[in-house]
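Take a look at the structure below.
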Amino acid sequence: MATQQTTSPESGVNFFGKILASATHEIKNNLAIINESAGLLEDLSMMGGASFSPERVNDVAQKIGRQIKRADEILKRMNRFSHSVDVPEQTVDLETATGFVLELGSRLLDVACAHVRIIPAGKQIPVTCNLFHFAHLVWQCVETCLKNSGDDKQMSIRFEDTAQGPAIWFSPDAGHSLSNEIPLDSGQNRDIMKQMNVIFQPYNAQKGFGLLWRNPSSNEHGSLTTITP
Amino acid sequence: MSEKVLLVDDEEEFLEVMSERMQARGMTVTTATSADQALAIIEKESFDAIVMDFQMPAMDGMEALKAIKTQKPELQIILLTGYATVEKTVEAMKIGATDFLEKPADLEALAEKIKKAKAEKMLIVEEQTEEKLKDILQRYGN
């Protein structure tokens with residue numbers, strides 16, 4: 001009898017696949033526009049005359065340029081994401097790293113008509129983490145929060161530098177609260193959080209639910225790695 | 001007679017370029033940036049074919065396909081997609097998609113599919129008219 005291997009829904013591989021699928025879909029859209037723009041130039045050149053004016057050609061060339069820029073940004077993000085597994089730990093700014101995760105999932109958020117508002121921390125809050133696991137945990141929190149934000153699909157993320165350590169809070173907007181669902185409640189997530197020195201902060205009406213990094217002494221942080229989404 | 005096509009995609013630049021190229025090939029093209037907008041348009045206008053992106057915000061291709069087929073069963077829908085899995089293709093065909101094309105699409109191949117879709121739609125409409133005539137004759141013929 002053949003053994004069927006399944007991937008649990010919360011696995012890192014599953015998360016990587018979801019992000020990659022959405023990015024490649026987006027790049028296919030860019031390629032489709034570039035392809036049609038190239039075809040249009042061909043059409044215009046065959047029609048000749050007034051249709052093939054320098055202004056028209058310039059307009060199409062700009063369209064192609066914009067799509068190449070968009071595709072390049074997606075590829076840079078995906079490259080950065082792929083390399084997030086290279087080092088077991090790095091020190092990153094909490095807000096910048098969260099922004100990077102939202103950029104990775106931007107197409108998924110758009111398709112879901114969801115809006116995630118980041119409330120700026122106003123200062124850099126360093127956290128030492130495995131960037132891939134960080135991204136996975138944050139994305140799961142965003143998904144859980146959006147699931148509980150009603151039809152509006154609006155939520156906020158805020159950051160805190162507490163005496164216990166840096167924290168990130170997720171809360172649904174428009175008066176929605178979290179149902180009985182407990183985010184990150186799986187053996188794998190518990191292992192990752194333990195490894196990353198993160199404690200789950202249960203939902204409360206003021207702040208939402210969150211992740212708290214147990215505070216290392218300041219000299220335990222490495223130098224801040226710059227993330228360029 | 002030119003084919004009347006409704007082109008649905010959330011990428012406005014794609015709609016602009018694609019519709020211009022289709023029009024240059026003699027087609028009459030109307031565009032919509034969402035499935036909701038497309039549903040409102042087909043309520044008022046008739047089309048030989050709908051060319052629709054499979055993944056759009058709010059209502060995805062599968063939901064849109066179901067909604068269009070419920071509203072206008074005779075409409076021929078060609079789905080454009082970034083990546084089509086076999087499962088999704090089979091599911092969409094079962095719901096009533098006429099055809100699938102992967103992005104970036106070859107316009108000549110798409111034009112061919114639109115022609116086929118138009119012929120298919122004409123057959124369906126003819127059958128529907130014949131059925132209606134038969135029904136009228138049965139009721140009032142004697």
Side-chain angles (χ1 to χ4, degrees), chain A residues 17-53 56-71 74 105-115 146 151-154, chain B residues 5 7-27 29 31 33-37 51-64 78-89 100-114:
Chain A
K18 191 189 275 189
I19 296 294
L20 190 63
S22 120
T24 50
H25 186 97
E26 217 178 332
I27 292 168
K28 278 278 206 172
N29 275 336
N30 304 138
L31 287 175
I33 298 170
I34 293 168
N35 184 52
E36 294 315 322
S37 301
L40 181 60
L41 284 178
E42 218 174 290
D43 291 352
L44 293 173
S45 71
M46 284 203 291
M47 284 188 266
S51 318
F52 200 54
S53 68
R56 198 74 188 86
V57 172
N58 183 44
D59 177 52
V60 180
Q62 281 191 13
K63 265 196 182 82
I64 294 174
R66 273 197 297 275
Q67 294 306 320
I68 289 172
K69 197 170 170 233
R70 266 179 69 187
I74 298 163
S106 58
R107 170 82 189 167
L108 294 169
L109 294 172
D110 286 346
V111 166
C113 295
H115 181 68
L146 286 171
D151 291 338
D152 302 333
K153 289 183 184 162
Q154 289 191 17
Chain B
V5 181
L7 187 59
V8 193
D9 200 301
D10 62 310
E11 291 278 352
E12 285 189 32
E13 290 210 336
F14 180 76
L15 289 179
E16 274 173 34
V17 189
M18 194 63 156
S19 59
E20 188 173 347
R21 294 196 74 204
M22 288 165 84
Q23 278 159 1
R25 279 155 182 77
M27 296 179 224
V29 185
T31 59
T33 52
S34 69
D36 282 330
Q37 205 185 346
V51 178
M52 184 168 68
D53 185 20
F54 200 49
Q55 198 185 70
M56 286 182 294
M59 196 191 288
D60 73 12
M62 209 65 89
E63 283 177 78
I78 299 165
L79 290 171
L80 280 181
T81 174
Y83 287 103
T85 60
V86 175
E87 292 80 9
K88 283 277 177 195
T89 311
F100 250 97
L101 211 57
E102 200 174 299
K103 278 183 179 180
D106 171 29
L107 186 55
E108 307 316 323
L110 178 63
E112 200 53 46
K113 286 181 191 294
I114 291 169

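All of these numbers come straight from a predicted model, not from anything done at the bench. So that the names make sense, note that chain A is the first sequence line, chain B the second, and so on, each numbered from 1.
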side-chain contact (heavy atoms from CB on, under 4.5 Å) assessment of A:N29 paired with B:Q55
CA-CA 10 Å; A:N29 275 336; B:Q55 198 185 70; over 6 Å; no
Max heavy-atom pair count under 4.5 Å with chain A, selected residue of B:D9, B:D10, B:D106, B:L80:
B:D10
At their closest point, which heavy atom of A:N35 faces which heavy atom of B:A105, and how far apart are they?
ND2-O, 3.1 Å
Would you say that more than 12 heavy atoms from the other residues, nucleotides or ligands in this model lie under 6.0 Å from the CD of B:Q37, or not?
yes
Spatial distance of atom NZ (A:K28) from atom CG (B:D53) [nearest 0.5 Å]
12.0 Å
Answer yes when B:E20 and A:R56 have at least one side-chain N-carboxylate O distance shorter than 4.0 Å, and no when they do not.
yes
Given a strict heavy-atom distance threshold of 4.5 Å, which part of A:Q67 is in contact with chain B: side chain, backbone, both, or neither?
side chain
What distance do A:L41 atom CG and B:R21 atom CZ have between them, rounded to the nearest 0.5 Å?
9.5 Å
Run the numbers on A:R70 and B:E11 for salt bridge (charged side-chain N to carboxylate O under 4.0 Å, His left out), then give the verdict.
CA-CA 13 Å; A:R70 266 179 69 187; B:E11 291 278 352; 2.9 Å; yes
With chain B as the partner, which of A:C113, A:G39, A:A114 has the greatest number of non-hydrogen pairs under 4.5 Å?
A:G39
With chain B, the option among A:N30, A:L40, A:L31 that has the most non-hydrogen atom pairs under 4.5 Å is A:L40
Return the CD to CD distance between B:E16 and A:E36, rounded to the nearest 0.5 Å.
13.0 Å
